[in-house]
There are 2 protein chains.
Amino acid sequence: MPADTKAKLLESAERIVRERGYNGFSYADLAQEIGIRTASIHYHFRAKSDLVLALIERYAERIAGGLADLSRTGPTGAHRIAGYIAVYRDALREGSSLCLCVSLSADAESLEPTALSALEAFHRAGVAWLTEAFELATADGSIERVGVPASEAAATLALVEGAQLVGRASRSVEPFDAAVLLLRARLGDAG
Amino acid sequence: MPADTKAKLLESAERIVRERGYNGFSYADLAQEIGIRTASIHYHFRAKSDLVLALIERYAERIAGGLADLSRTGPTGAHRIAGYIAVYRDALREGSSLCLCVSLSADAESLEPTALSALEAFHRAGVAWLTEAFELATADGSIERVGVPASEAAATLALVEGAQLVGRASRSVEPFDAAVLLLRARLGDAG
DNA sequence: GTCTATACGGTGATAGAC
DNA sequence: GTCTATCACCGTATAGAC
C-alpha cells in the first residue's frame with residue numbers, strides 16, 4: 001500500500017519526535033521504521049523542516065478537534081478542564097513521550113520561523129479554549145474561586161506542560177498527577 | 001590561562017545546552033567558542049555524557065546555593081516562593097534559554113542513567129525546598145488558602161517549568177509572566 | 001513512488017607528537 | 001594541555017534509473 005506512505009511517515013515521525021525531540025530523530029530512523037529508504041522520504045517531504053511543519057499542523061488540528069468534542073460534551077466548565085488535563089496526561093504515555101508541541105518548544109532554536117509560528121498558534125489556541133472553559137465555570141459555578149479566566153487559562157496550560165516535563169524526567173505519570181492534584185481538587189466531582 | 005579551560009567549557013556548554021538542547025550542541029560548537037580543538041575537550045571530559053553529567057551537578061549545586069540564600073533572607077513563605085519564581089524567570093533570559101534541567105528533561109531519551117538520576121534529584125530538591133516554603137507560609141499566614149504543602153510544591157515546580165517552555169516557544173517572557181500571575185497574586189506584597 | 005548511488009559536511013572519539 | 005591527523009560513522013539532501 002504505497003498510497004498511504006505519507007500518513008505512515010507522519011505517524012512514525014510524530015512518535016519519534018515526541019520521544020526524542022527534533023534534533024534526536026533522523027530520516028534514517030524513520031526510513032528503517034516504515035521500511036523504505038531515506039531518499040524516498042524526500043519525495044514526500046522535500047526537507048526535514050517541511051516534515052516538522054506538517055507534523056505540527058496535523059497535531060494542532062487533531063487536538064483542536066478533540067477540544068471541540070469536549071466543548072460539545074462537557075456539561076460544565078469543570079468537566080472541560082478535567083478533560084483538558086486528561087488530554088495532556090494521555091499524551092505523556094506513562095512518561096515515555098511528550099506532547100508534540102512541548103517537545104518542539106524545547107528545541108525552538110532549531111526550528112524554522114514557519115514552524116515557530118505554528119507552535120505559537122498551538123499555544124494561543126490552547127489558552128483561548130481554556131479561557132472559554134474558565135468563563136463557563138465562572139458562570140455555572142462548577143469551579144470554586146475562579147480568578148480572571150485568561151489568567152487561569154495561562155496558568156493551566158503552563159501547569160500541564162510543566163507536569164509532562166517532570167513526568168518525562170522520571171519516566172512516570174506520578175509527578176504529573178502530583179502536579180495537577182490541587183487543580184483537580186478544585187474541579188469537584190468532575191476532577 | 002589554560003588552567004581554567006575546564007571552567008570555560010562548563011560555562012559555554014551550559015549556555016549552549018540551555019539554548020539548543022542536548023542533541024543540538026556538539027564538541028565542535030564548544031571548541032570554536034572557547035578557541036581550542038575538539039580533541040582537547042576530550043582531555044577534560046572523556047565523553048559527551050561525562051560533560052553533561054558534570055553540567056547537571058554543577059547546575060544543581062548552584063541553584064541549591066541560591067535557594068539556601070533565599071531560605072536565609074526570605075522573611076516569609078511568600079517571599080521565598082516569590083524568589084523561586086524569580087529564579088526561573090531569570091533563567092528564561094527573555095525567552096532565549098531554558099533552565100538546564102528543563103532543557104535536558106525534554107531530551108531525557110538521549111541521556112545516560114546517571115544523568116537521568118541527577119535530573120530527578122534536581123526535581124526532588126526543588127519540590128522539597130518548595131514544600132518547606134509552603135509549610136512556612138501556612139505557619140506565618142503569608143499566603144492565602146495554602147493547600148497541602150507538598151501538593152502546592154509539585155504544582156509550583158510544574159507551573160514555572162511549563163511557563164518557561166511556553167515563553168521559549170514565543171522567545172519572550174510575557175507568557176511566563178501571564179502563567180504565574182495568579183500565583184504571584186496569592187503572595188500579596190511579596191509577589 | 002521507490003530505488004541505488006553519491007555528495008559532502010558534521011559527529012564523537014582516539015593515537016601520538018609536542 | 002593542546003595540537004594534528006585520522007577514524008568510522010551518521011546527517012540531510014540530490015540525481016537519475018526503474
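This structure is a prediction, so every number in the text was calculated from the model and none was measured. Proteins get letters first, then strands, A, B, ... in listed order; numbering begins at 1 in each.
- Contact annotation: Thr5(B) does not reach the phosphate of dG1(D) (side-chain N/O to OP1 or OP2, under 4.0 Å).
- Using a cutoff of 4.0 Å between basic side-chain nitrogens and carboxylate oxygens, Arg145(B) and Glu152(B) are not scored as salt-bridged.
- You'll find that the side chain of Ala47(B) is closest to dA13(C), out of dT2(D), dT4(D), dA13(C).
- We find that Arg168(A) and Glu109(B) are joined by a salt bridge, their nearest charged nitrogen and carboxylate oxygen being less than 4.0 Å apart.
- Counting to the nearest Å, the P atom of dG12(C) and the CG atom of Leu9(B) are 13 Å from each other.
- Using a 4.0 Å cut-off between charged nitrogen and carboxylate oxygen, Glu112(B) and Lys48(B) do not count as a salt-bridge pair.
- Between Tyr59(A) and Phe122(A), the ring planes lie tilted relative to each other; the angle falls in the 30° to 60° range.
- Atom CD in Gln32(B) sits about 17 Å away from atom C1' in dC3(D), given to the nearest Å.
- Residues Asp107(B) and Val17(B) form no side-chain contact, since every pair of their non-hydrogen atoms from C-beta on lies 4.5 Å or further apart.
- Nucleic acid contact class of Tyr27(A) (heavy atoms, under 4.0 Å, all strands): sugar-phosphate only.
- Rounded to whole Å, the distance from NZ on Lys48(A) to P on dG9(C) is 19 Å.
- Taking only side-chain atoms of Ser26(B), from C-beta outward, the nucleotide of dC3(D), dT11(C), dC3(C) with the closest atom is dT11(C).
- Among the nucleotides dC3(D), dT2(C), dT14(D), the one closest to the side chain of Ala39(B) is dC3(D).
- Side chain of His44(B), nearest nucleotide from dT2(D), dG12(C), dT4(D): dT2(D).
- The distance from atom CG of Asp50(A) to atom P of dA13(D) is 8 Å, rounded to the nearest whole Å.
- Nearest nucleotide to the His42(A) side chain, out of dC3(C), dG1(D), dT14(D): dT14(D).
- Ranking dC3(D), dT14(D), dA13(C) by closeness to the Thr38(B) side chain, first place goes to dA13(C).
- Remark: Tyr43(A) is in phosphate contact with dG1(C), judged by side-chain N or O atoms under 4.0 Å from OP1 or OP2.
- Distances were taken from every side-chain heavy atom of Ser40(B) (C-beta onward) to each of dT4(C), dT2(D), dT14(C); the shortest belongs to dT2(D).
- Across all strands, Phe25(A) comes closer than 4.0 Å only to sugar-phosphate atoms, never to a base (heavy-atom distances).
- Each of Arg46(A) and Ala28(A) lies near DNA chain D, and the nucleotide nearest Ala28(A) is the one positioned closer to the 5' end.
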